[in-house]
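Residue numbers begin at 1 in each chain, while the letters A, B, ... track the order of the sequences. All values derive from a computational prediction rather than experimental measurement. Reckoned from all heavy atoms, side chains included, excluding hydrogens, waters and symmetry mates.
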There are 2 protein chains.
Amino acid sequence: MQDRMERLLDKLREQGHRITPQRIAVLRVLLESRDHPSVEDIFEKVKVNFPTTSLATVYKTISVLKELGELLELEFSNDHNRYDGNKPYPHPHLICTRCKKIVDPELGGLTDITRELVSDTGYKILSHRLEFYGICPECQERR
Amino acid sequence: MQDRMERLLDKLREQGHRITPQRIAVLRVLLESRDHPSVEDIFEKVKVNFPTTSLATVYKTISVLKELGELLELEFSNDHNRYDGNKPYPHPHLICTRCKKIVDPELGGLTDITRELVSDTGYKILSHRLEFYGICPECQERR
DNA sequence: TTATCTGCAAAATGTTTGCATGCAC
DNA sequence: GTGCATGCAAACATTTTGCAGATAA
């Protein structure tokens, strides 16, 4: 993980971006989180160490990381977007619609399905999104 | 398809909703569309026959149909949501990121994967979302 | 030194809501 | 006649943008 941080900092520098304390703080939160935080979540955690950090800066840092392909964005129109800085490539997600928890299930990929799709449709597939919505065991217990 | 319209009208009535010309117009557009229209798209088409219809009414009708489980909503945080009134249950979508076209590919379902997921995680799976993003053949031609 | 970044506030976007009037039943 | 629906405009929530001052390189 420390490796990844170094690699990210190098990549930022290479692309002409500056390394600021705020960016390091955002990166740290992203790499430490396994729970697919929202921008607001990231902001709150960053503020613990950098009380003056603004939401706009978090948004801007996220935008840079997306451009570099180092951050996966899970879009929701009715809710905050959520982010995965650890596995910044498409992979399945399992989302509890009650507590909003998002986890990465161990699941075989979509390689075969994608190959079939390409030969059937002629599309050039660049990415995908696979999400399962349900109720997690904890929330099932709760009521 | 006429059947579906009748069925929808019956269901609306049964649930205590009123059948207004605006609602019929929105339903008609939804059932006639195969291209997963946005609210704005629906609004434009409805206005041809009902120039006084408001966007709010389209939104409210859509909200009712979602509640009844008769409309599938594809959420996008950066773009208009898109709707499928013909197949209001989860199914795969193939999305051209250049022209924003959305089509329904013929693809085996996720039944096996879902079953595996349930026994692995204990989640109660209620729904899913599977989308492939790429460039359609027409857009590949275009440049 | 200087171009990029920050942080504030304002703008933009898509969707929802409140309310007076209208209309389905 | 009653109560739900409409249509307008205002409100909302999230994200983006503009800009003056601060700062990394």
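As a whole-Å value, the separation of Asn78(A) CG from dT14(D) C1' is 11 Å. Counting to the nearest Å, the C1' atom of dT14(D) and the CD1 atom of Ile62(A) are 12 Å from each other. Protein atom CG of Asp41(A) is 11 Å distant from nucleotide atom P of dT14(D), rounded to whole Å.
Side-chain to base pairing of Arg18(A) with dC5(C): no donor and acceptor N or O lie closer than 3.5 Å to each other. Donor-acceptor pairing under 3.5 Å, judged by distance alone, is absent between the side chain of Lys47(B) and the base of dG7(D).
Taking only side-chain nitrogens and oxygens, Asn81(B) comes nearer than 4.0 Å to OP1 or OP2 of dT15(C). When the side-chain nitrogen and oxygen atoms of Thr52(B) are compared with OP1 and OP2 of dG7(D), one or more of them lie within a distance under 4.0 Å. The phosphate of dT16(C) has neither OP1 nor OP2 within less than 4.0 Å of any side-chain N or O from Tyr59(B).
Comparing dT15(D), dT6(D), dT6(C) by their nearest atom to the side chain of Gln22(A) picks out dT6(C). Picking from dG7(C), dA24(C), dG18(C) the nucleotide with the shortest atom distance to the side chain of Pro21(B) gives dA24(C).
For the pair Thr53(A)/Val26(A), no side-chain contact is recorded, criterion being any heavy-atom separation below 4.5 Å from C-beta on.
Here Arg13(A) pairs with Asp10(A) in a salt bridge; the nearest charged N to carboxylate O distance falls below 4.0 Å. Ion pairing between Lys87(A) and Asp104(A) holds under the 4.0 Å rule for side-chain N and carboxylate O.
Taking for each of His17(A) and His17(B) the nucleotide of DNA chain C with the nearest heavy atom, the 5'-most of the two is the partner of His17(A). Between Glu73(B) and Gly16(A), the residue anchored nearer the 5' end of DNA chain C, judged by the nucleotide with its closest heavy atom, is Gly16(A).
Note on Leu55(B): nothing from the nucleic acid sits closer than 4.0 angstrom, heavy atoms only. As judged by a 4.0 angstrom heavy-atom cut-off over every strand, Arg13(A) is placed among residues making no nucleic acid contact. Contacts of Thr53(A) with the nucleic acid, taken as non-hydrogen atoms under 4.0 Å apart, involve only primed sugar atoms and P, OP1 or OP2.
Cation-pi contact between Arg129(B) and Phe76(B): present, with separation from the ring centre below 6.0 Å and deviation from the ring axis of at most 45°.
Between its two ends, the helix from dT1(C)-dA25(D) to dC25(C)-dG1(D) turns its axis by 40°, counting five pairs per end and rounding to 10 degrees.
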Check your understanding: Passes side-chain contact (heavy atoms from CB on, under 4.5 Å), Glu131(A) versus Leu74(A)? Steps please.
Key -> CA-CA 10 Å; Glu131(A) 287 164 8; Leu74(A) 294 177; 3.6 Å; yes
